[in-house]
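Here is the structure we will look at, set down as structure tokens.
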Amino acid sequence: MKLEEQKMNNKIINFIKKKNKSKIISLTAYSKNIASIIDRHCDLILVGDSLGTVLYNFSSTKKVTLDMMIEHSRSVRMGVKKSLMVVDMPHNTYRNPKEALGNAKKIIAKTKCDAIKLEGGKKVVQIIKNLIKNKIPVMGHLGVLPQSATNFKFKGKKLTERKRLLKDAKLLEEVGVFSIVLECVESSLAKEITKMINIPTIGIGASVHCDGQVLVTDDLIGLNPIKVRFVKKFANITKQINTAIIKFKNEVKNKKFPKKINSY
Ligand code: KIV
């Protein structure tokens, strides 16, 4: 269903309108406390299935379950007041249109999120079509697809790959997704896709040419010890936590904490 034929909520309409006007700020959140800090700075907050690798130490996102996504999203919901809230559909929860619809409805009913995101191009087009027909707003995800990836090399080096990604982006736009995440896509291809489609592209490792950027919050604040090219550490929260804990430890050892004011 074309974008203009869908009855969308205002948050999504305003999100789309940012294309070509101002860069879109997106981050992940897995819990209320982080969500409530980042909400005022973000246009979109994603409960990403990256929580499987970041929080649970899984070797991939494949083991993330629907229940895990729902529980984390319920927590995030409490912290999100203004941003668009999108929840990832985890691996093996959208293998056919019926399964996808049932699970997407469950996610939306239990988490009150604004939209869901799923990975893939042509392969998932019928699934996305059916979700949108049933009034479920969908965000696409192209490039490196962690739920099915065998390697995490950037996409768009080979001509065939470039052509396929361009086709997939067009297809996703045509079936009515409101935005597409481009993960690890070669810069000039990300630029071409962003120019070609009328919906916002949100890049992660996909260059400055995308309409917006997304990062995993735990990565950018230095809580998750990841070292990949597309992540920039904007803070070192691990260091700050260590400093605070050492202070606590020393005060306990030296009987300086708790003081009278902290006691009953
Ligand atoms: O799962 C996730 O956090 C994501 C972002 C990295 C885009 O899909």
Side-chain angles (χ1 to χ4, degrees), residues 15 23-31 34-35 38 42-66 68-73 75-76 79-80 83-94 103-104 107 111 113-121 124 128 137-149 152-155 165 168-169 172 177-185 190 193-194 199-207 210-221 223-224 226-234:
F15 179 85
K23 288 282 185 188
I24 296 170
I25 309 300
S26 315
L27 285 171
T28 61
Y30 311 135
S31 67
I34 290 287
I38 67 176
C42 284
D43 300 300
L44 184 150
I45 292 181
L46 171 71
V47 188
D49 63 350
S50 52
L51 63 83
T53 50
V54 176
L55 295 186
Y56 292 89
N57 228 18
F58 295 164
S59 55
S60 82
T61 55
K62 287 191 178 92
K63 278 203 246 163
V64 175
T65 65
L66 196 67
M68 287 166 79
M69 292 308 297
I70 288 172
E71 286 315 312
H72 281 279
S73 301
S75 173
V76 169
V80 179
S83 306
L84 194 62
M85 178 177 156
V86 179
V87 175
D88 260 342
M89 292 197 73
H91 183 56
N92 279 349
T93 63
Y94 53 97
N103 287 330
I107 292 175
T111 73
C113 67
D114 299 296
I116 58 92
K117 172 165 86 60
L118 50 84
E119 296 180 6
V124 291
I128 294 178
V138 178
M139 183 174 203
H141 185 145
L142 295 174
V144 167
L145 307 177
Q147 291 176 11
S148 53
F152 285 78
K153 285 189 191 139
F154 77 88
K155 303 288 175 199
L165 274 170
D168 280 346
L172 291 192
V177 304
F178 70 87
S179 176
I180 303 176
V181 166
L182 297 179
E183 179 162 351
C184 298
V185 172
I193 293 173
T194 302
I199 49 171
T201 58
I202 308 297
I204 174 160
S207 86
C210 294
D211 297 302
Q213 299 293 325
V214 61
L215 278 180
V216 168
T217 301
D218 295 48
D219 297 347
L220 90 88
I221 62 175
L223 191 57
N224 186 35
I226 190 179
K227 274 197 186 127
V228 290
R229 182 174 172 144
F230 61 79
V231 168
K232 179 174 170 183
K233 266 196 200 180
F234 288 84

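Indexing begins at 1, ligand by ligand and atom by atom, following the structure's order. The residues of the chain are indexed from 1 along the displayed sequence. Basis for what follows: all heavy atoms, side chains included, without hydrogens, waters or symmetry-related copies.
- The side chain of Leu46, and not its backbone, has at least one atom closer than 4.0 Å to an atom of ligand 1 (non-hydrogen atoms only; side chain from C-beta on).
- When side chains are defined from C-beta on, Arg229 does not count as touching Cys184, because their heavy atoms never get closer than 4.5 Å.
- When each of Ile226, Asn224, Leu223 is tested with Val54 by the rule side-chain contact (heavy atoms from CB on, under 4.5 Å), just one qualifies, namely Asn224.
- Nearest protein neighbour of atom 3 (O) of ligand 1, counting heavy atoms only, is Ser50 OG, 2.5 Å.
- Residue Gln147 forms a side-chain hydrogen bond (donor to acceptor under 3.5 Å, both in side chains) with just one option from Asn92, Asp49, Thr61, and that option is Asp49.
- Close approach to His141 involves these atoms of ligand 1, each under 4.0 Å from a residue heavy atom: 8 (O).
- Using a 4.0 Å cutoff on heavy atoms, Lys117 counts as a contact of ligand 1.
- Taking every heavy atom of Gly48 and a limit of under 4.0 angstrom, the matching atoms of ligand 1 come to 1 (O), 2 (C), 3 (O).
- Summarising the geometry, atom CG belonging to Leu66 is positioned 11.5 Å from atom CG belonging to Asp88; distances are rounded to the nearest 0.5 Å.
- Close N/O approach between Glu183 and ligand 1 is not found [any backbone or side-chain N/O within under 3.5 Å].
- Each of the following atoms of ligand 1 lies closer than 4.0 Å to a heavy atom of Asp49: 1 (O).
- Rounding to the nearest 0.5 angstrom, the gap separating the CG atom in Asp43 from the CD1 atom in Ile24 is 6.0 Å.
- Numbered from 1 in the order shown, with element, the atoms of ligand 1 that lie under 4.0 Å from a heavy atom of Thr28 read 3 (O).
- A side-chain N or O of Ser50 and one of Tyr30 form a donor-acceptor pair less than 3.5 Å apart.
- Taking every heavy atom of Ile204 and a limit of under 4.0 angstrom, the matching atoms of ligand 1 come to 6 (C).
- Close N/O approach between Asp88 and ligand 1 is found [any backbone or side-chain N/O within under 3.5 Å].
- Remark: the backbone N or O of Pro200 is paired with a side-chain donor or acceptor of Ser179 at under 3.5 angstrom.
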